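Computed from a prediction, not measured in an experiment: that's the story for all the values here. Quick note: residue numbers are just sequence positions, from 1.
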Amino acid sequence: MSTTSSTVKVQLVRSPIGTKESHRATVRGLGLRKIGSTSELQDTPAVRGMINKISYLIKVL
């Protein structure tokens, strides 16, 4: 199993300012800080759920 299939890379493209507190916490939980920051995470159902929750703020690379 290659490492590229077991990880997912996400990038913050919109500011979480003005969003729900739980959405801001999810952004931080994914390891994202500033707009344009990227994070490479394990591709698990929990991470996929977090990505789906804040899909309007991020881009999956």
Side-chain angles (χ1 to χ4, degrees):
M1 185 180 226
S2 68
T3 56
T4 54
S5 64
S6 63
T7 61
V8 60
K9 199 169 186 181
V10 293
Q11 180 178 25
L12 188 64
V13 294
R14 283 191 61 206
S15 172
I17 294 172
T19 62
K20 291 181 178 181
E21 181 61 43
S22 64
H23 290 204
R24 290 194 292 268
T26 302
V27 168
R28 294 295 293 128
L30 288 173
L32 302 170
R33 294 190 62 162
K34 297 180 177 182
I35 293 175
S37 66
T38 60
S39 184
E40 193 163 345
L41 306 152
Q42 293 296 317
D43 192 5
T44 63
V47 170
R48 284 287 172 179
M50 293 169 81
I51 289 170
N52 288 338
K53 183 175 182 178
I54 59 165
S55 61
Y56 63 100
L57 296 175
I58 61 173
K59 177 171 63 173
V60 179
L61 304 172

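Here salt bridge (Lys or Arg N to Asp or Glu O under 4.0 Å) pairs that include residues 47-58, with residues two or more places apart or in two chains, are Asp43-Arg48. The stretch residues 37-61 participates, sequence neighbours left out, in these ring-ring contact (aromatic ring centres under 6.0 Å, His included) pairs: His23-Tyr56. The stretch residues 32-54 participates, sequence neighbours left out, in no ring-ring contact (aromatic ring centres under 6.0 Å, His included) pair at all. The stretch residues 28-55 participates, sequence neighbours left out, in no ring-ring contact (aromatic ring centres under 6.0 Å, His included) pair at all.
Here the closest non-hydrogen pair linking Thr7 and Glu40 is OG1-OE2, 3.0 Å.
For Leu61, the side-chain contact (heavy atoms from CB on, under 4.5 Å) test picks out Lys9, Gln11, Thr38, Lys59, with sequence neighbours left out. Every residue meeting the side-chain hydrogen bond (donor to acceptor under 3.5 Å, both in side chains) condition with Glu21, not counting sequence neighbours, appears here in chain and number order: Arg24.
Using a 4.5 Å cut-off on side-chain heavy atoms (C-beta onward), Ile51 and Val60 make contact.
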Using distance only, find each side-chain donor-acceptor pair of residues 25-35 under 3.5 Å and give its atom names and separation, not counting sequence neighbours.
| from | atom 1 | to | atom 2 | distance (Å) |
| --- | --- | --- | --- | --- |
| Thr26 | OG1 | Ser22 | O | 2.8 |
| Arg28 | NH1 | Leu32 | O | 3.3 |

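To the nearest 0.5 Å, the span separating CE on Met50 from CD1 on Ile58 amounts to 9.0 Å.
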